[in-house]
Amino acid sequence: MVKHQPLQVYERQLCLSCITGIYGCRWKRYQRSHDDTTKWELLWSLILLFTFCLLLVWFYFWWEAHNDYNEFNWFLYNRSGEWSDGTVPILATTAAGFTYIAFLMIGVTVALLTTVVGVISINQTWGQEWDVIPISLQATGPFLHIGALAAVTTLSWIVAGQVARTEKNMFQAVVMLLYLSVLLGLYLVPLYISSPCIMDPSTLKPRPNVIGHQGAPMLAPENTLWSFQRALQMNTTGLEADVAISVDGVPFLMHDHTLRRTTDIEEIFPDRQMDDASFFNWTDLQQLNAGQWFLKDDPFWTVRTLSLQEKDLIANQSVCSLEQLLKLASYHNSTVVFRLRRPPPEHPCYDSWINDTLQAVQQSGVPQSLVMWTPDEQRAQVRQLAPGLIQTSVEKLSPQSLEEYGISRLLLRYNQASTQEIRNFTHSDINLTLYTVNEPWLYSVLWCSDVSSVSSEAPQILKKVPYPVWLMSPDEYRLMWVSADLVSFAVVIGIFIFQKYRMSGMRSYNPEQIMLSAAVRRSSRDINVMKEKLIFSGQPQ
């Protein structure tokens, strides 16, 4: 006799089949749409990552270029004719773009375009500044390596989770290959990190001398007597200035070609404010105030730190002559180096500019051994008339050529000489001065490179650097490098094992199974309710 299954069993099986079919179709449609979405998300993530990296490099460049902000503002002044701190909008825009990318995840296109335009502009107007990146890496490289290693090690949590979660072998292989390539590269990067501050501390040379470039222009108006006096108060061993020749043959201190930025010429001679500074006679120049602009424009944001007495002294500064500077230097036994600008061809001193300057040096009474003479023109004649002057070149030449020309000093921008070249000059008894050095990290790198002296706009900052910012022996650096790599490797292995164990327990469950289990529980609950109704309906009244 054939036993027939109860009707409830057939209904339950039919219900489960329908539910399985419905949810199975929905799950497949979801997977297809999810795969398409994942492709777009991957593309968007790559764009986001590229923009973030570009902004990071751009931000690092401007962070390290702080040493040369004043030089950048001067470039902008020569183009626009208006003095302002052009770094503020650049830093603000970069910070805004960095914030969008890092936190809000919007504005990628705007941030990318802004950064690209900025890179192109800097490359055209200030291309030499890109050298600050490899130079700064000599100071920050070992520590950036540790930071990058920590970040990539932390990223292993996400990578391990994605690899353990996905069922596509190709995707797993690609992700693992990329991640391990980056990790291995970071483990080996220290092989290519070079810094002069990784050295035997016992071989460190004496502290480089500091020369006040235009005096102490962050504390007083540039190229004024008070600025040079402030520099001498900061223990500088020398003073550097820019020299022009007046129409009546008086050498005076002026950096710009016009008098608009650093004097009140707009009030005294409003019709001549665009004239070249060398076309004024010394009597006219003495009528100009060379300090009030500093209090008004506050170019280095330092005016608020000045006392009332200092502000009064600054407000009464006038244009300084070369002879006045030399007398001040002679009194303090300080070295003087100046850059002499030849006047235009129509200037009456166009042919006599060297003799006029040499005459001012001799009349000042300064010992010739304190004056660094930089003009290459008529150098042989100058050497005959003033043999005691320190012959200095502003052009990079080999030690052999410098010795052949009788030049004992070299004045270069800090990016024009590598560590090895600096040591070669020192070994050849060439006294090398690098400008403009304002940041302690740059001063430290050059110190470890054995540079003789630096020219600085911030002697008050370098005065507080009695020792390099950091200095470690090669053995100490190797220990730090290997220890960081071993710790990172152990953490990464541990995270991958944990993620695999964690995801293995979750992999047996998927949305289809969860929905099916819920449907089965609901069907069982309905059958139980029906049984109860039948039982109660069969009881006698």
Side-chain angles (χ1 to χ4, degrees), residues 74 77-78 81 83 212-215 217 220-229 239-294 314 316-330 336-366 368 370-379 381-382 385-386 389 394:
W74 189 74
Y77 172 76
N78 284 339
W83 179 264
H213 181 70
Q214 300 175 348
E222 64 185 58
N223 285 323
T224 60
L225 272 180
W226 177 239
S227 181
F228 293 113
Q229 289 171 354
L239 303 172
E240 181 181 356
D242 306 286
V243 178
I245 308 292
S246 70
V247 74
D248 51 348
V250 177
F252 66 98
L253 311 187
M254 186 60 56
H255 180 271
D256 301 353
H257 287 276
T258 68
L259 302 169
R260 293 180 61 213
R261 181 174 66 90
T262 58
T263 70
D264 59 347
I265 190 173
E266 294 182 2
E267 300 176 7
I268 308 301
F269 303 110
D271 297 335
R272 303 179 60 190
Q273 55 182 307
M274 298 305 298
D275 291 355
D276 192 292
S278 60
F279 284 104
F280 289 78
N281 60 47
W282 179 238
T283 302
D284 292 340
L285 291 171
Q286 287 181 304
Q287 298 181 45
L288 300 175
N289 184 288
Q292 292 178 353
W293 72 273
F294 183 85
I314 289 173
N316 292 308
Q317 292 299 301
S318 58
V319 177
C320 180
S321 68
L322 175 61
E323 186 174 348
Q324 290 173 316
L325 171 62
L326 294 174
K327 288 181 178 180
L328 176 66
S330 177
V336 175
V337 54
F338 55 86
R339 296 170 175 271
L340 183 60
R341 184 171 67 246
R342 188 172 190 175
E346 59 273 19
H347 194 279
C349 299
Y350 177 75
D351 295 321
S352 62
W353 63 301
I354 294 292
N355 289 331
D356 293 336
T357 305
L358 187 58
Q359 184 178 359
V361 172
Q362 294 172 333
Q363 289 178 349
S364 67
V366 63
Q368 293 183 6
L370 294 179
V371 179
M372 296 171 59
W373 185 267
T374 61
D376 286 327
E377 291 80 0
Q378 305 178 29
R379 190 181 290 275
Q381 178 183 351
V382 171
L385 297 176
L389 296 179
V394 294

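The structure displayed is predicted, hence computed values, not measured ones.
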Trainee: Enter the distance from D271:CG to Q273:CD here, rounded to the nearest 0.5 Å.
Mentor: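 Nearest 0.5 Å value for the CG-CD distance: 8.5 Å.
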
Trainee: Any donor and acceptor pair, going by atom type alone, linking the side chain of D248 with main-chain N or O of W282 inside 3.5 Å?
Mentor: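 Here the side-chain-to-backbone pair exists.
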
Trainee: Distance check, rounded to the nearest 0.5 Å: Q378 atom CD versus L358 atom CG?
Mentor: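 Between atom CD of Q378 and atom CG of L358 there are 9.5 Å.
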
Trainee: Could you tell me which non-hydrogen atom of T224 sits nearest to which non-hydrogen atom of A290, and how far apart they are?
Mentor: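 Residues T224 and A290, closest heavy atoms: CG2-O, 3.9 Å.
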
Trainee: What is the minimum heavy-atom distance between F252 and S246, and which atoms define it?
Mentor: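 Minimum heavy-atom separation between F252 and S246: CE2-N, 3.5 Å.
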
Trainee: Using side-chain heavy atoms (C-beta onward) and a distance below 4.5 Å, is V337 in contact with H213?
Mentor: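 Counting from C-beta outward, V337 and H213 never come under 4.5 Å.
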
Trainee: Starting at NE2 of H257, measure out to CG of D276 and round the result to the nearest 0.5 Å.
Mentor: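 Taking NE2 in H257 and CG in D276, the distance rounds to 7.0 Å.
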
Trainee: Is the backbone of Q214 close enough, under 3.5 Å, to the side chain of S227 for a donor and an acceptor to pair up by distance?
Mentor: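 Yes; judged by distance alone, with no hydrogens or angles, the pair exists.
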
Trainee: If every non-hydrogen atom of L285 is compared with every non-hydrogen atom of A277, which pair is closest and at what distance?
Mentor: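 Closest approach of L285 to A277, heavy atoms only: CD2-O, 4.5 Å.
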
Trainee: Let's go through T262 and H255 carefully: what are the C-alpha distance in whole Å and the side-chain angles of both, what is the deciding distance for side-chain contact (heavy atoms from CB on, under 4.5 Å) to 0.1 Å, and is it a yes or a no?
Mentor: CA-CA 9 Å; T262 58; H255 180 271; over 6 Å; no

Trainee: What distance separates L326 CG from L239 CG, expressed to the nearest 0.5 Å?
Mentor: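 Reported value, rounded in 0.5 Å steps: 9.5 Å.
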
Trainee: Kindly give the heavy-atom pair with the smallest separation between A244 and R341, and that separation in Å.
Mentor: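 That would be CB-NH2, 3.4 Å.
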
Trainee: Answer whether the closest heavy-atom distance between the side chains of Q286 and V319 falls below 4.5 Å.
Mentor: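 When only atoms from C-beta onward are counted, V319 and Q286 do not touch, as no gap falls below 4.5 Å.
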
Trainee: Counting N and O atoms only, with roles assigned by atom type, does the side chain of W293 sit under 3.5 Å from a partner on the main chain of R261, one being a donor and the other an acceptor?
Mentor: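 Pair absent, no side-chain N/O of W293 close to backbone of R261.
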
Trainee: Looking at side-chain heavy atoms only, is the closest gap between E240 and R339 below 4.5 Å?
Mentor: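 With C-beta onward as the side chain, the pair touches.
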
Trainee: Taking side chain as C-beta onward, heavy atoms only, is F269 less than 4.5 Å from L288?
Mentor: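 The answer is yes; the side chains approach within 4.5 Å.
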
Trainee: Looking at R260 and I265, would you say the former's side chain and the latter's main chain have a donor-acceptor pair under 3.5 Å?
Mentor: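 No.
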
Trainee: Counting only N and O atoms by type, is there a donor-acceptor contact under 3.5 Å from the side chain of S352 to the main-chain atoms of N355?
Mentor: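 Judged by distance alone, no pair lies under 3.5 Å.
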
Trainee: Quick check for you: to the nearest 0.5 Å, what is the distance between I314 atom CD1 and F294 atom CZ?
Mentor: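 Rounded to the nearest 0.5 Å, the CD1-CZ separation comes out at 5.0 Å.
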
Trainee: Using every non-hydrogen atom in the two residues, find where A386 and Q368 come nearest and quote the distance to one decimal.
Mentor: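 For A386 versus Q368, the nearest heavy atoms are C-OE1, 3.4 Å.
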
Trainee: Between the side chain of T374 and the main-chain N/O of F338, is any donor-acceptor distance below 3.5 Å?
Mentor: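 Flag set: sc T374 to bb F338 pair under 3.5 Å.
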
Trainee: Using a 3.5 Å distance criterion without hydrogens, assess whether the side chain of T357 forms a donor-acceptor pair with backbone atoms of W353.
Mentor: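 Judged by distance alone, yes, a pair lies under 3.5 Å.
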
Trainee: Report the C-alpha distance between T258 and D275 in whole Å, list the side-chain angles of each, state the deciding distance to 0.1 Å, and finish with yes or no for side-chain contact (heavy atoms from CB on, under 4.5 Å).
Mentor: CA-CA 6 Å; T258 68; D275 291 355; over 6 Å; no

Trainee: Side-chain contact test, heavy atoms from C-beta onward, threshold under 4.5 Å: evaluate it for I354 versus W373 and give yes or no.
Mentor: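 Result yes, sub-4.5 Å side-chain heavy-atom pair found.
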
Trainee: Would you confirm whether Q362, through its side chain, and Q359, through its main-chain N or O, come within 3.5 Å as a donor-acceptor pair?
Mentor: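 Checking the backbone N and O of Q359 against the side chain of Q362, no donor-acceptor pair under 3.5 Å is found.
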
Trainee: Among D242, N223, L259, which residue satisfies the side chain to side chain contact (heavy atoms under 4.5 Å, CB included) criterion with M254?
Mentor: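 Exactly one option meets the side chain to side chain contact (heavy atoms under 4.5 Å, CB included) with M254, and it is L259.
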
Trainee: Kindly say whether D284 contributes a backbone atom to a donor-acceptor pair with the side chain of N281 at under 3.5 angstrom?
Mentor: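 Yes, because the side chain of N281 sits within donor-acceptor range (under 3.5 Å) of the backbone of D284.
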
Trainee: Measure across P343 and H347 and return the closest heavy-atom pair with its distance rounded to 0.1 Å.
Mentor: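 Of all heavy-atom pairs spanning P343 and H347, the closest is CB-CG, 3.4 Å.
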
Trainee: Would a distance-only check, ignoring hydrogens and angles, find a side-chain to backbone donor-acceptor pair under 3.5 Å from N289 to G291?
Mentor: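 It does hold such a pair.
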
Trainee: Apply the test side-chain contact (heavy atoms from CB on, under 4.5 Å) to residues F280 and T263: give CA-CA distance (whole Å), side-chain angles for both, the deciding distance (0.1 Å), then the verdict.
Mentor: CA-CA 13 Å; F280 289 78; T263 70; over 6 Å; no

Trainee: Just verifying a value: how many Å separate L225 CG and S318 OG, rounded to the nearest 0.5 Å?
Mentor: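 OG of S318 is found 7.0 Å from CG of L225.
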
Trainee: Kindly determine whether V336 and V366 satisfy side-chain contact (heavy atoms from CB on, under 4.5 Å), including the steps that lead there.
Mentor: CA-CA 10 Å; V336 175; V366 63; 5.7 Å; no

